[in-house]
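Notes follow once the structure below has been shown.
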Amino acid sequence: MQPEALFTISNGLYVLSARDEKGRFVGSLIDAVSQVATDPDFLMISCMNGSYTKKVVEETGEFALSVLPQDINPLIVGIFGYQSSRNADKWAEAGGIEQKGAMYLSQALAKIRCLVTESLEYPSNTVFFAKIVDAFDSRVGEPLTYKMYRDGLKDKVMAAFEKYKKQTNVNQKGENTMENKKWTCIVCGYVYDGEVPFEDLPEDWVCPLCGVGKDQFELR
Ligand SMILES: Cc1cc2nc3c(=O)[nH]c(=O)nc-3n(C[C@H](O)[C@H](O)[C@H](O)COP(=O)(O)O)c2cc1C
């Protein structure tokens with residue numbers, strides 16, 4: 001099998017949001033969204049099993065999607081995709097608008113609210129099927145695709161997020177202590193402590209706890 005072949009499947013990019021039982025909004029960047037039925041309208045999303053947002057969707061049975069536009073601020077993509085709600089208050093960092101009890105990005109092209117009806121669990125991901133209970137256009141523009149992210153936006157997102165994190169560390173600690181940091185899985189919090197330097201691990205190396213790839217690790 002050639003894994004690259006799967007990159008030809010067209011996906012958009014979305015911020016998935018959910019509200020935990022304490023009332024805190026959490027969120028995650030996702031691409032795995034597809035409408036699966038009409039009249040009534042249903043869609044499916046696929047969440048990685050280590051994602052905190054997935055846990056909240058499972059517990060509450062509700063979620064909302066912000067459809068990302070092509071002119072999205074790259075930092076927003078990093079805030080939702082490169083760190084976990086376990087350690088970050090993403091909506092406080094990114095800013096959002098609460099509408100009818102759900103949280104959305106102000107830059108969203110469209111806003112969609114859903115109630116989960118069924119789920120299907122795979123070793124890596126859980127798929128949620130959900131009834132669309134609200135959907136509205138927010139602004140004019142073109143939707144961002146996963147291909148656009150891979151082809152050019154990713155570099156901008158990485159640079160913006162790295163700069164932002166450095167700035168946050170400087171503000172919080174008074175100094176940047178990069179040399180004390182360890183490569184940490186942003187999905188499950190696993191801290192890499194192996195003998196082989198993290199940079200030298202093979203590209204197909206995965207987190208031993210939750211199975212995500214090296215691109216889901218950051219220095220913390
Ligand atoms: C381009 C891109 C696409 C992603 N697609 C998905 C996806 O479809 N489903 C998913 O669960 N995670 C996806 N992720 C990973 C999550 O956004 C990431 O693990 C996030 O840190 C989870 O945050 P949480 O723990 O707060 O839920 C994607 C990340 C990127 C950068």
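Sequential numbering from 1 along the given sequence is applied to the chain's residues. We count ligands from 1, going down the list as the structure has it; atoms in each ligand are counted the same way.
- For Lys100 and Asp134, the salt-bridge test passes: some basic side-chain N is under 4.0 Å from an acidic carboxylate O.
- Remark: Lys214 qualifies as a cation-pi partner of Phe198 under the 6.0 Å distance and 45° angle criteria applied to the six-membered ring.
- Any N or O atom pair closer than 3.5 Å counts here, and Ser85 shares at least one such pair with ligand 1.
- Among Phe80, Tyr146, Tyr149, the residue whose heavy atom lies closest to atom 20 (C) of ligand 1 is Phe80.
- For Ile30, no nitrogen or oxygen atom sits less than 3.5 Å from a nitrogen or oxygen atom of ligand 1, counting backbone and side chain alike.
- Using a 4.0 angstrom heavy-atom cutoff, Asp31 counts as in contact with ligand 1.
- Every atom of ligand 1 is numbered from 1 in the order shown, and the set under 4.0 Å from a heavy atom of Thr53 is 24 (P), 26 (O), 27 (O).
- Taking every non-hydrogen atom of Gly27 and a distance limit under 4.0 Å, the qualifying atoms of ligand 1 come out as 26 (O).
- Taking atom 21 (O) of ligand 1 as the reference point, the nearest protein heavy-atom neighbour is Gln83 O, 2.8 Å.
- Neither Phe80 nor Leu65 shares a network with the other; the hydrophobic side chains, linked directly or stepwise wherever heavy atoms of I, L, V, M, F, W or Y lie under 4.5 Å apart, form separate groups for each.
- Under a 4.0 Å criterion applied to the non-hydrogen atoms of Ala32, ligand 1 contributes the atoms 8 (O).
- For atom 23 (O) of ligand 1, the closest heavy atom belonging to the protein is Lys90 NZ, 3.0 Å.
- Within ligand 1, counting atoms from 1 as listed, the ones closer than 4.0 Å to a heavy atom of Tyr52 are 24 (P), 25 (O), 27 (O).
- For an aromatic pair to be called close, the ring centres must be under 6.0 Å apart, and Tyr192 with Trp205 satisfies this.
- When hydrophobic clusters are built by joining Ile, Leu, Val, Met, Phe, Trp and Tyr residues whose side-chain heavy atoms come closer than 4.5 Å, directly or via intermediates, Leu68 is grouped together with Tyr146.
- Side-chain atoms of Asn73 and Gln107 include no donor-acceptor pair closer than 3.5 Å.
- Protein heavy atom at the shortest distance from atom 9 (N) of ligand 1 is Ser46 O, 3.0 Å.
- With respect to the salt-bridge test (charged N to carboxylate O, under 4.0 angstrom), the residues Asp31 and Lys147 do not qualify.
- Residue Tyr82 has at least one heavy-atom neighbour below 4.0 Å for each of these atoms of ligand 1: 31 (C).
- Counting only heavy atoms of the protein, atom 30 (C) of ligand 1 lies nearest to Leu29 CD2, 3.5 Å.
- In terms of polar-atom proximity, Asn125 is not counted as a contact of ligand 1, lacking any N or O under 3.5 Å from an N or O of the ligand.
- Of the options Lys90, Gln216, Glu93, a side chain to side chain donor-acceptor pair (under 3.5 Å) to Gln83 is made by Glu93 and by none of the others.
- Note that Arg113 lies outside the cation-pi zone of Phe63, set by a 6.0 Å cut-off to the ring centre and a 45° limit from the axis.
- Distance from atom 19 (O) of ligand 1 to its nearest protein heavy atom, with residue and atom name: Gln216 OE1, 3.0 Å.
- With ligand atoms numbered from 1 in the order given, ligand 1 contributes 21 (O) to contacts under 4.0 Å with heavy atoms of Ile186.
- For atom 11 (O) of ligand 1, the closest non-hydrogen atom on the protein side is Met48 N, 2.6 Å.
- With respect to the salt-bridge test (charged N to carboxylate O, under 4.0 angstrom), the residues Glu98 and Arg19 qualify.
- Of the listed residues (Gly78, Ser28, Gly50), the one carrying the non-hydrogen atom nearest atom 22 (C) of ligand 1 is Ser28.
- Ring centers of Trp183 and Tyr190: at least 6.0 Å apart, outside the cut-off.
- When every heavy atom of Ser85 is checked against every heavy atom of Tyr52, the shortest pair comes out as CB-CD2, 3.8 Å.
- Under a 4.0 angstrom heavy-atom cut-off, Lys54 registers as lying outside contact with ligand 1.
- Every atom of ligand 1 with a heavy atom of Gly81 under 4.0 Å away is listed here by number and element: 17 (O), 18 (C), 20 (C), 21 (O).
- No continuous path of ILVMFWY side-chain contacts below 4.5 Å connects Phe129 to Ile112, so the two sit in separate hydrophobic clusters.
- Residue, atom and distance of the protein heavy atom nearest to atom 25 (O) of ligand 1 are Ser84 OG, 2.7 Å.
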